[in-house]
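Being a predicted model, the structure only gives us computed values, none of them experimental. Labels below follow one simple rule: chain letters A, B, ... track the order of the sequence lines, proteins then strands, and each chain is numbered from 1.
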Amino acid sequence: MTEVSVRNLWMEYGDQIVLERINFDVPAHSFVSLVGPSGCGKSTFLRLLLSQENATRGQICVDGEPLLPNPEPDRGVVFQKYSVFPHLTALENVLIGLEFERGGFSGRLHGRAKRNAQAEAMQYLEGVGLADAAQKYPSSLSGGMQQRLAIAQALIKKPRILLLDEPFGALDPGIRSEVHDLMLRLWWETKMTVFMVTHDLREAFYLGTRVIAFDRVRKREEELERYGATIAFDTPSDPAPFVTELATAEAAE
Amino acid sequence: MVPSRSGRLINRHPGPAAGRLLALVPFALLLVAYAIGSEIRLSENPNDKLLPSFTALSDAVERMAFEPDKRTGDYLLWVDTVASLSRLIGGVALATLLGTAIGISVGLIPYARRTMSAFIAVFAMIPPLAVLPILFITFGLGEVAKVVLIVFGIAPFMMRDLAMRVAELPSEQLVKAQTLGASTWHIAWRIVLPQMLPRIIDTVRLSLGSAWLFLIAAEAIAAQSGLGYRIFLLRRYLAMDVILPYVFWITLLAVVFDFVLRRYQTWAYPWFAAARAPG
Ligand SMILES: Nc1ncnc2c1ncn2[C@@H]1O[C@H](COP(=O)(O)OP(=O)(O)OP(=O)(O)O)[C@@H](O)[C@H]1O
Ligand SMILES: [Mg+2]
């Protein structure tokens, strides 16, 4: 259960102000959809949440503590592409998170420790429906399968926050709704907080418990550089019917 | 798309059999041209040395490869081949190790990049053959100087090439690895190095030509054996009947190396073909 609070966040690249005065709090176990026009700084905001870059001003706190200064396993990420390692099979891609943690200096496991970790990784692969593709390299997986693999890879570290940058943008509608339900189920089961950037408003409202839009308030040509995007729109969204089902099922147990 | 055999020239593709035949044509033409040239010269002057007949060539091969040398009792072609290949492989292996270690550090670690990249760039501009005398003075006329020349000649290129390949890895991968709990060392060892291995093979393939160049140059100047040494020794006697087969043999070795490396790359790194394709 993880709360995130963003306090007066500014981000500038040189002279260009990208984000300004970003303020919001999200309660634990939120699913936040981030929307906004191209180039308004959504990916930049995720990079700040990841500690991949540092904000020019302001602060992000997780459960009251400032963010750690480097990307760490407490925050998982799925990028739009290049999220999985091309030289590892699907199973190895999921396994590697455990190997970094338990494999010591070499970051490799052997013998029993390896078999145990493989069994664990297999569960995550099964969870995203990729058990059959365990021995395949990412290049022989479809786009949707690669994204599901990236999700399993991130989840095995049990992150408290999951960051998704247009994760489903390249998927066709059928697969997309499958992956949506998968995502909602995993979000519900793990109780993590999710931030998802998307260009698809339907997706944003369907998945999110909250939808935040970034946009520039001033749009005149000569002002573009000097004024960044800020929160233009912030609204709660009803959980998807699928989540209500999950919740009732959980309550019934 | 099925290759078409009609229409515009850029859209016409030979079938597989015709393709193989076409590939042989230039070689056959060269051979025929040589035979004719040799025939003409020899009919004018039977002692002509420039374009020896095929019998003379095969006699020379017989003498160099399958009969012991009268003075030393060695089979010269094999002695020369072993001497040259051990220098070449030693030099290329050393350069590859150096190139990999430094290339990955420079590509991955900003502090190493700022420290080393200007230095390597300048170092790579030094013409290796110009420092050959320095190497002979420093390391003597033995094997070390020749191996060092090869390293000197190709390692800077390998370092720069690999540093660029590392820098080309999507930054998403490095961030992702960190969110999976990887240390810098883990990233180098499990993410970067394994993805560089097939690229190192490409780099080695590109470097082999220069490595041969430096090897033969060093052997021409100071050696007691080696393919380059033999060619330059026999030049004094205009012994084209030996020089030509030696050149052919060196070329064959280079082609075989290239072929083996390429095959090994596709066999050992099945994921690489797709990773290399753009997009
Ligand atoms: N490293 C950088 N250096 C300079 N400017 C940058 C950098 N990264 C991003 N920007 C600028 O910041 C702005 C926001 O970029 P960002 O990638 O966050 O947009 P986005 O909202 O994710 O857009 P899209 O929807 O197209 O992905 C852009 O104008 C971009 O040019
Ligand atoms: Mg973006």
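Put simply, of A:Thr89, A:Asp74, A:Leu98, A:Ile96, the one with the most heavy-atom pairs under 4.5 Å next to chain B is A:Ile96. The greatest number of non-hydrogen atom pairs below 4.5 Å with chain B, out of A:Gln153, A:Glu101, A:Arg47, is found for A:Gln153. Top candidate by heavy-atom pairs under 4.5 Å with chain B, chosen from A:Ser140, A:Gly107, A:Gly97, A:Pro73, is A:Pro73. For chain B, the option among A:Ala154, A:Ser139, A:Ser106 with the highest count of heavy-atom pairs below 4.5 Å is A:Ser106.
Contact of the B:Gln195 side chain with the A:Pro86 side chain is registered, since non-hydrogen atoms from C-beta on lie closer than 4.5 Å. Within the 4.5 Å cutoff, no side-chain heavy atoms of A:Phe105 are placed close to those of B:His186. In this structure the side chain of B:Val175 reaches within 4.5 angstrom of the side chain of A:Phe79, judged on heavy atoms.
Contact annotation for A:Arg108: both backbone and side-chain heavy atoms come within less than 4.5 Å of a heavy atom of chain B. Residue A:Gln52 touches chain B through its side chain alone, counting heavy-atom pairs closer than 4.5 Å. With a threshold of 4.5 angstrom between heavy atoms, B:Pro270 approaches chain A through side-chain atoms but not through N, CA, C or O. Looking at A:Phe100, the atoms closer than 4.5 Å to chain B (heavy atoms on both sides) sit in the backbone and in the side chain alike. Neither the backbone nor the side chain of B:Ser183 comes within contact range of chain A; no heavy atom of the residue lies under 4.5 Å from a heavy atom of that chain. Residue A:Leu88 touches chain B through its side chain alone, counting heavy-atom pairs closer than 4.5 Å.
Other residues, nucleotides and ligands contribute only 12 or fewer heavy atoms inside 6.0 Å of the CZ atom of B:Phe248. Counting non-hydrogen atoms of other residues, nucleotides and ligands closer than 6.0 Å to CH2 of B:Trp189 gives a total of 12 or fewer. Other residues, nucleotides and ligands contribute at most 12 non-hydrogen atoms within 6.0 Å of the CZ atom of B:Phe119.
Nearest approach of A:Lys157 to B:Gly181, heavy atoms of both residues: CE-N, 4.4 Å. Nearest heavy atoms, B:Gln173 versus A:Val84: NE2-O, 4.5 Å. Here the closest non-hydrogen pair linking A:Phe85 and B:Lys176 is CZ-CG, 4.1 Å.
In this structure, OH in A:Tyr137 is found 13.5 Å from CZ in B:Phe272, a value given to the nearest 0.5 Å.
With B:Thr179 as the fixed residue, the side-chain contact (heavy atoms from CB on, under 4.5 Å) test singles out one of A:Pro159, A:Pro71, A:Ser51: A:Pro71.
Between A:Glu99 and B:Arg190 there is a salt bridge, since at least one side-chain N of the basic residue sits less than 4.0 Å from a carboxylate O of the acidic one.
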